[in-house]
Structure formats: structure tokens, C-alpha cells
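One structure is given below, encoded as C-alpha cells.
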Amino acid sequence: MYDVKGNLHKVLGQLPEGVRLVAISKYHPEEYIMAAYEEGQRVFGESHEQELRQKVTVLPKDIEWHFIGHLQTNKVKYIAPYINMVEAVDSLKLLREINKQAAKHNRVVDVLLELHIAEEATKYGLTLDACRELLDCGEWREMKHVRICGLMMMASFTDDREQIAREFQTAADFFDEVKARYFADDDAFRERSWGMSDDYPIAIAHGSTMVRIGTMLFGPRIY
Ligand SMILES: *Cc1c(COP(=O)(O)O)cnc(C)c1O
């Protein structure tokens, strides 16, 4: 087995105070998750509803699950009973659905708004203007079963470190704008979820509070 425990401690040793690790376990077996769990890791991220559902049934109940992938509205009802955070909310429609389904279980689900800053056309997420529009409309203020805790984004898939740094900085600046404009009195709004195996040191240098790391912990994924 991949040296999950060794890798976990290596990564944790590099995270400054105030930066949390979300261990991205998609496509990795339960044994790998348990290896990290035994070392104290409790926050894990998955991106496919069915895979997550399977894992949730067999793994310890005190794991905090983050849904990190693109979430279709028709899948929300399946994860609403237990999900802790939906990291990639990219529409008002999805936010409404999470609120509606969480209400049925009398829960409050934490969410992040996903930004589209990277240059790739394929990436999901809200443009900065679309994000401002969503927040300006104010409907979210009436939603009692979702709590907007911050922003999430993925940098472009490129070797150009400067471009990656620019994208993270754009997200960090936008976080400050949104915090001041809509969440100044809301302590819950504080998360900046950026940084993956290849770019997390850059992300941390640009304000990340939450890194989503898979490959560095668990090795290459077999799809
Ligand atoms: C898979 C995934 C990650 C983890 O990527 P690694 O390169 O394996 O660290 C992080 N964030 C999202 C949204 C992902 O889909």
C-alpha cells in the first residue's frame, strides 16, 4: 500500500496554522481512508455521489465529508442527510436545492461558492460577476439551511507558476471584496478553498485556508 501515513504527516507538517487539510479520497479504497483516519485525519473530500454513498455506509461516522465535485441538483437529496460541506456551489438553483433538501433533515449544510477564474473553458464555477449577482440578489439571506462559509476555486492546469499565483491572488482579492460587502459581520464566512497536490504551496502563499489534496496522500488515482 502507498505510504498514506507518511505522506499525511509530510503534508500536515507543511501546513501553517489556520490551513486545514481536506484529504481527497475519490477513487481510492476505504483502507486508504482508514490509514489516514487512524492518524487523526477527519476531513475527506469526494466528488461522486454514488462512490461517496458507499464509503459513508462503511466508514466511521465522525468523518466530516466534503462534496468537492460538480453536483447535479437531482443528486442533492442523496447527500443532504449527512454531507458537511458542499464546496462547489456554482448556481442559485443548486443553492436553493441544498437549502430545500437540508431543511427536510433539519440540518444546516455548509457551502462554498465556486469561482471560475482559470482559463480553461471546461471548468465549472461562477465568474466573479455572476458571483456578485448571486450575492446581490439576496435570496441566500433567507435560506436557513445553508451557511455560506467562503469561496472555492481551482487554478488552471498549467506549468506556469506565475499564472497559477495570479489566479489564486485574484480569488484572494475577490474574497476580501465579498467579505467586506456581504459578510462583514459573519464569522462563518472565512474559508478560501484553493490548492491541490501540484500547487498547494502557492495557494497557501495566496491566502488559502483549506487545501484539497489527493494524489500527494494516496498516490495516483486509477479511474
Ligand atoms: C481531485 C480533486 C482534487 C485533488 O487533486 P490532487 O491533484 O489529486 O491533489 C482537489 N480538488 C478537486 C475539486 C478535485 O476534483
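Computed over heavy atoms, backbone and side chain alike; hydrogens, waters and symmetry mates excluded.
- Residue pairs meeting the salt bridge (charged side-chain N to carboxylate O under 4.0 Å, His left out) criterion with at least one member in residues 164-182, sequence neighbours excluded, are R132-E177, D136-R181, E177-R181.
- The hydrophobic clustering, which links ILVMFWY residues whose side-chain heavy atoms are closer than 4.5 Å, places V108 and L113 apart.
- Within a 6.0 Å sphere centred on CG of N84, heavy atoms belonging to other residues, nucleotides or ligands number more than 12.
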Point to revise | Candidate pair L115 and T170, rule side chain to side chain contact (heavy atoms under 4.5 Å, CB included), full reasoning | key: CA-CA 10 Å; L115 302 178; T170 299; over 6 Å; no
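- Hydrophobic clustering of Ile, Leu, Val, Met, Phe, Trp and Tyr side chains at less than 4.5 Å, counting indirect connections, unites L59 with Y32.
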Review point. Do E97 and T73 pass the side-chain hydrogen bond (donor to acceptor under 3.5 Å, both in side chains) test, and can you show the C-alpha distance, the side-chain angles, and the key distance before you say yes or no?
Key: CA-CA 6 Å; E97 182 65 13; T73 47; over 6 Å; no
Practice item. Step by step, work out the side-chain hydrogen bond (donor to acceptor under 3.5 Å, both in side chains) result for R212 and S193. Key: CA-CA 7 Å; R212 308 179 309 268; S193 176; 3.0 Å; yes
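- Applying the side chain to side chain donor-acceptor pair (under 3.5 Å) criterion to R192, with sequence neighbours excluded, gives no partner residue.
- In this structure, NE2 on H66 lies 11.5 Å from OG on S25, to the nearest 0.5 angstrom.
- Under a hydrophobic clustering in which Ile, Leu, Val, Met, Phe, Trp and Tyr are joined whenever their side-chain heavy atoms come within less than 4.5 Å, directly or via other members, V11 and Y2 fall into the same cluster.
- With hydrogens and angles ignored, the 3.5 Å screen pairs no side-chain donor or acceptor of H116 with any backbone N or O of T127.
- The hydrophobic cluster containing V43 also includes V22, I24, I68, M85, L112, M152, M210, under a criterion of side-chain heavy atoms closer than 4.5 Å among ILVMFWY residues, counted directly or through chains of members.
- Across A171 and L151, no two heavy atoms sit closer than the pair O-CD1, 4.4 Å.
- Using a 4.5 Å heavy-atom cutoff, the side chains of I79 and V86 are in contact.
- Ring planes of W65 and F44: tilted class, angle from 30 to 60°.
- Judged as a side chain to side chain donor-acceptor pair (under 3.5 Å), and not counting sequence neighbours, the contacts of H9 are E39.
- Of the possible polar contacts, one joining the R107 side chain to the A80 backbone as a donor-acceptor pair under 3.5 Å is found.
- Taking the six-membered ring for Trp and thresholds of 30 and 60 degrees, H28 and F218 have ring planes inclined between 30 and 60 degrees apart.
- Judged by distance alone, the side chain of Q41 and the main-chain N or O of L21 form a donor-acceptor pair under 3.5 Å.
- Distance alone, capped at 3.5 Å, places no donor-acceptor pair between the S156 side chain and the T158 backbone.
- A continuous path of Ile, Leu, Val, Met, Phe, Trp and Tyr side chains, each step under 4.5 Å between heavy atoms, connects M34 with L8, placing both in one hydrophobic cluster.
- Atom CD of E133 sits in a sparse spot, with 12 or fewer heavy atoms from other residues, nucleotides or ligands closer than 6.0 Å.
- The two residues A88 and G69 make their nearest non-hydrogen contact at CB-O, 3.5 Å.
- Within a 6.0 Å sphere centred on CG of N74, other residues, nucleotides and ligands contribute more than 12 heavy atoms.
- Considering only heavy atoms from C-beta on, Y182 stays 4.5 Å or farther from F189 through its side chain.
- Nearest approach of V89 to L94, heavy atoms of both residues: CA-CD2, 3.9 Å.
- Formation of a donor-acceptor pair under 3.5 Å by the N99 side chain with backbone atoms of L95 is not found in this model.
- Contact between W194 and A203 at its shortest, heavy atoms only, is O-CB, 3.2 Å.
- I222 forms part of no hydrophobic cluster, judged by ILVMFWY side-chain heavy-atom separations under 4.5 Å.
- The list of salt bridge (charged side-chain N to carboxylate O under 4.0 Å, His left out) pairs with a residue in residues 52-66, not counting sequence neighbours, reads R20-E64, R42-D62, E46-K55, E49-R53, E51-K55.
- Within 6.0 Å of NZ on K100 lie no more than 12 heavy atoms contributed by other residues, nucleotides or ligands.
- In terms of heavy atoms, D199 sits closest to R161 at CA-NH2, 4.4 Å.
- Here the shortest heavy-atom pairing between T57 and Q54 reads OG1-O, 2.6 Å.
- In summary, the aromatic rings of H48 and Y27 are positioned with their centroids under 6.0 Å apart.
- Without hydrogens or angle criteria, D90 side chain to L126 main chain gives no donor-acceptor distance under 3.5 Å.
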